[in-house]
Structure formats: structure tokens, C-alpha cells
Amino acid sequence: MPDPDRPDPEQIVAFGPLTQRDVFALGNDLSRVYPIDEVPCFGTLLGAIDEADRAFRRQRDASQPLAISTHQGAPSGR
């Protein structure tokens with residue numbers, strides 16, 4: 001049974017477009033790199049990621065309580 005305190009080493013934790021220069025600069029710090037050729041479906045993938053991010057932010061923002069200011073002015077200094 002998986003240990004809930006240890007992350008799955010196969011779980012994707014980051015996705016990012018990198019140039020070849022970025023890959024060389026990061027060197028051995030990257031465990032896996034998958035080159036993606038310019039294909040029509042890549043734009044669709046990026047659009048889906050953007051939409052998922054917007055949906056996440058809307059849901060997060062909707063669950064945040066509204067901040068209500070109770071500040072009535074400067075302190076009286078008493």
C-alpha cells in the first residue's frame with residue numbers, strides 16, 4: 001500500500017516549455033525531458049492547461065472568504 005506521507009515518484013509535478021539552451025543549463029537536474037515537435041495538438045494542450053489553471057483560480061477565489069475591513073480610522077492614542 002502506498003505511503004500517504006511520501007509522494008509518488010512517478011507523479012508529474014511540473015510541466016514547462018524549455019528551449020534547448022534551458023535544457024543544457026539545467027543539465028542533470030532534469031530527470032526526464034520529452035522533446036515536442038511543432039504539431040497542431042501542442043497548442044490545444046497549452047490551451048487546455050490554461051483553461052484548467054483559470055478554473056482552478058476561479059474555484060480557489062470563490063472559496064476565499066471576503067475580507068471585511070473593520071478599521072474605523074487612525075488610533076486615538078489612549
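Computed from a predicted structure; not experimentally measured. Side-chain atoms are counted along with the backbone in the values below, which use heavy atoms only and exclude waters and symmetry mates. Residues take their numbers from the sequence shown, with the count starting at 1.
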Counterpart residues, side chain to side chain donor-acceptor pair (under 3.5 Å), relative to T44 (two or more places apart): none

Holding to side-chain contact (heavy atoms from CB on, under 4.5 Å), I want the full list of residues that pass it with L18, two or more places apart in sequence or in another chain. D22, V23, L26, L30

Report the residues that fulfil side chain to side chain donor-acceptor pair (under 3.5 Å) with E51, sequence neighbours left out, ordered by chain and then residue number. R54, R58

Checking D53 now: which residues fulfil salt bridge (charged side-chain N to carboxylate O under 4.0 Å, His left out) with it, not counting sequence neighbours? R57

The salt bridge (charged side-chain N to carboxylate O under 4.0 Å, His left out) partners of R21 (sequence neighbours excluded) come to none

